[in-house]
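Everything below concerns the one structure shown next.
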Amino acid sequence: MARGSGRLHVKGFLAFALIVVIVLAATNVWNPFPNLWSWVNRSQPLSEPDVVWQQRVGGSPKSVTIAGDTVIVQQRTSVEARSLSTGVRLWERKADWVAVAGGDRDAVVAVGKLLVKGYDLVDPASGAVRRHDGDAIGVWSYRNALLDVHCDDAKDCTLTAWEPRGAKPLWTTFLEGVKVGWLADNPETLGTRRLATEQVDPGAAGPEQMPSLLGLPVDGRVQIVDTATGRMVQESEPGENDKLVVAGGRLLRIGARSADGTCYFTVVARDPVTGQEVWRRAGVNLRTADGAGCAQRQGPQGGRNVLVGVGPDGREAILDGYDGRLLWVGKEGEKLLAVDDRYTLARSADKRTLGGYELTASAARWTRPIDPKGGAALTPYAAVIVDHRPDRIVALDPRTGRELATLRSSAKVLAVGPAGMVIGDGRDIGYVRFAGAGSAPAGPDRPGAGPGSGPGRGDEPGSGGPTCAGPKDEVCPAPGGGKDG
């Protein structure tokens with residue numbers, strides 16, 4: 001009896017101790033097994049080698065953005081911020097739309113509700129509201145500015161520009177209406193479309209620099225705003241067979257004419273201030289039309305200052321939107337996978353080699369094997385290759401082809417920053433640090449680039465980091481040179 005009684009006492013003590021530990025851990029008073037708890041709560045690793053951290057969020061992310069030392073995760077009806085270095089959740093709040101503005105040092109998060117005017121501009125690290133707006137119906141977010149628009153009625157609107165963390169407007173201008181959607185974040189503008197690949201989120205690069213000219217559609221017309229001064233420089237209306245696009249500081253009128261069972265294209269670029277024709281090209285198909293009817297239903301692909309087209313000989317080409325120069329012409333059968341304003345990634349005709357080119361250079365700076373079904377994307381900080389057989393994610397310095405990270409993974413690339421990238425699969429997200437991150441200061445890739453002033457330029461000090469824009473002599477960051485918190 002004594003032995004049985006002793007065993008009961010031991011079991012009772014252990015049960016009591018376990019209850020105490022569970023209560024203490026659940027109330028965040030004391031958790032003696034944090035690593036074990038993290039392991040139990042974790043799904044299968046996202047990659048091999050393992051990520052720096054891996055966390056499960058409440059729902060499948062709609063967007064993920066690296067904002068300074070935080071990761072902003074938008075879900076269907078909420079947004080949360082996590083530490084870039086640890087993955088720990090910093091704050092969460094209800095939101096139907098989210099727009100991240102600013103760079104590495106001045107990032108902010110605009111959040112709002114569906115069909116409700118106004119927004120809160122919150123600090124990404126603390127979640128504290130820095131500025132509240134009660135009437136805006138649309139918000140555009142960039143690395144160096146944030147724009148919002150207010151309308152007293154359909155034909156009486158005001159567009160306002162702010163520094164990301166500014167308390168006073170930079171400028172305000174009148175608009176004769178504006179086109180917005182159900183959600184207020186980043187309504188349509190008449191620019192270019194980015195080349196995309198399935199396993200890299202279209203917004204992985206984060207906010208871009210604000211373009212020097214902004215084309216805003218309203219009632220079939222285009223209002224063009226100079227973003228340095230806020231001045232409305234032109235209002236234009238497309239012809240029956242025309243498509244209007246603003247790129248490279250020019251107003252492009254793309255004409256498509258149906259004849260002989262095909263489409264004939266002409267691109268005319270004008271200075272939006274003077275209205276004078278600057279350049280003209282015939283025979284270049286910018287892929288704005290689908291079908292023999294030549295109806296142009298979508299904008300051209302490219303970057304902020306460059307356009308992707310197909311020449312009469314079927315070879316792909318990249319045009320400078322500013323002066324119409326051919327910056328790059330592919331070889332026969334070569335396929336463009338990604339382009340920005342400095343670099344392009346192209347797959348060879350046999351579909352087994354990827355070449356990295358600097359615009360205006362005919363020879364590839366680097367090459368590497370790629371699966372015929374693999375994809376690629378360009379961000380300001382890294383070229384990202386998503387390969388198959390085996391599934392692999394590779395981040396490279398776009399200029400040299402140096403490997404920044406190589407992972408065996410089938411996850412999707414959600415966000416890319418100065419020192420690493422966020423990958424995800426379902427509700428699980430994880431952070432991958434680039435090789436050499438933190439060993440060199442973040443900064444210009446090309447010292448001596450032209451100075452800038454005000455929004456619309458990416459090279460001014462304190463802009464929070466530039467995007468790549470070679471034809472306009474803008475600055476690029478050195479890949480792997482940032483910090484990760």
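Treat the numbers as computed from the prediction; the structure is a model and nothing was measured. One is the number of the first residue; the rest follow in order along the sequence.
Minimum heavy-atom separation, A110 to Y119: CB-CD1, 4.2 Å. In terms of heavy-atom proximity, Y381 sits nearest to G417 at CB-O, 3.3 Å. Considering every non-hydrogen atom in both I423 and L414, the closest pair reads C-CD1, 4.0 Å. The minimum heavy-atom distance between P398 and W366, with the atom names listed, is O-NE1, 3.0 Å.
A salt bridge links D271 with R250: at least one charged nitrogen is closer than 4.0 Å to a carboxylate oxygen. Salt-bridge annotation for E277 and R253: absent, with no side-chain N of the basic residue lying under 4.0 Å from a carboxylate O of the acidic one. One finds no salt bridge joining R392 and D387 here, because no Lys/Arg side-chain nitrogen approaches an Asp/Glu carboxylate oxygen to under 4.0 Å. Under the 4.0 Å criterion applied to side-chain N and carboxylate O atoms, R352 and D350 are not assigned as salt-bridge partners. The pair K373-D371 fails the salt-bridge criterion, with no side-chain N (NZ, NE, NH1 or NH2) lying under 4.0 Å from an Asp/Glu carboxylate O.
No donor-acceptor distance shorter than 3.5 angstrom exists from the side chain of D201 to the backbone of S63, with no hydrogens or angles considered. In this structure a side-chain-to-backbone donor-acceptor pair under 3.5 Å is present from T70 to A67. Put simply, the side chain of Q296 gets close to the backbone of I254: a donor and an acceptor are under 3.5 Å apart. S60 places no side-chain N or O within donor-acceptor distance of the main-chain N or O of Q75, the cut-off being under 3.5 Å. The main-chain N or O of S348 is never found under 3.5 Å from a side-chain atom of T353 such that the two would form a donor-acceptor pair. Side chain of T160 to main chain of T172: no donor-acceptor pair is present (N/O by atom type, distance under 3.5 Å, no hydrogens or angles). A donor-acceptor pair is defined here as one N or O able to donate and one able to accept, closer than 3.5 Å; such a pair exists between the side chain of D341 and the backbone of N305. Remark: side-chain polar atoms of W279 are paired, donor with acceptor, to backbone N or O of G321 under 3.5 angstrom. Between the side chain of D260 and the backbone N or O of T262 there is no donor-acceptor pair closer than 3.5 Å. Looking at D219, its side chain never comes within 3.5 Å of a backbone N or O of R221 through a donor-acceptor pair.
Between V98 and D185 there is no side-chain heavy-atom pair separated by less than 4.5 Å. Using a 4.5 Å cut-off on side-chain heavy atoms (C-beta onward), L286 and V267 make contact. Contact annotation: the side chain of W171 approaches that of V225 to within less than 4.5 Å [non-hydrogen atoms, C-beta and beyond]. No side-chain heavy atom of Q301 sits less than 4.5 Å from a side-chain heavy atom of L336. Looking at heavy atoms from C-beta onward, L337 lies out of side-chain contact with T197 at the 4.5 angstrom threshold. Residues V178 and V218 form no side-chain contact, since every pair of their non-hydrogen atoms from C-beta on lies 4.5 Å or further apart. Annotation: side chain of L326 is in contact with side chain of R281 (closest heavy-atom distance under 4.5 Å). You'll find the side chain of Y142 stays beyond 4.5 Å of the side chain of T227, heavy atoms only.
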Can you check salt bridge (Lys or Arg N to Asp or Glu O under 4.0 Å) on R315 and E332, steps first, answer last? CA-CA 6 Å; R315 294 190 296 168; E332 185 177 354; over 6 Å; no

In sequence, state the C-alpha distance, the side-chain angles, and the governing distance for T77 and D96, and then conclude on side-chain contact (heavy atoms from CB on, under 4.5 Å). CA-CA 5 Å; T77 59; D96 293 315; 4.1 Å; yes

Please step through side-chain contact (heavy atoms from CB on, under 4.5 Å) for the pair M421 and I393, ending with a clear verdict. CA-CA 11 Å; M421 58 185 175; I393 301 171; 3.7 Å; yes

From CA spacing to verdict: side-chain contact (heavy atoms from CB on, under 4.5 Å), V139, W97: CA-CA 10 Å; V139 172; W97 63 264; 3.8 Å; yes

Stepwise side-chain contact (heavy atoms from CB on, under 4.5 Å) test for V246 and L251: CA-CA 5 Å; V246 178; L251 172 62; 4.2 Å; yes

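Atom NZ of K113 has 12 or fewer heavy atoms from other residues, nucleotides or ligands within 6.0 Å.
No donor-acceptor contact under 3.5 angstrom links the side chains of S236 and R270, judged on distance only. Side-chain contact of S141 with N186: a donor-acceptor pair under 3.5 Å is present, judged by distance alone.
Among residues two or more places apart in sequence or in another chain, the ring-ring contact (aromatic ring centres under 6.0 Å, His included) test is passed with F265 by none.
Within the cation-pi definition used here (under 6.0 Å to the ring centroid, within 45° of the axis), R131 qualifies as a partner of W162.
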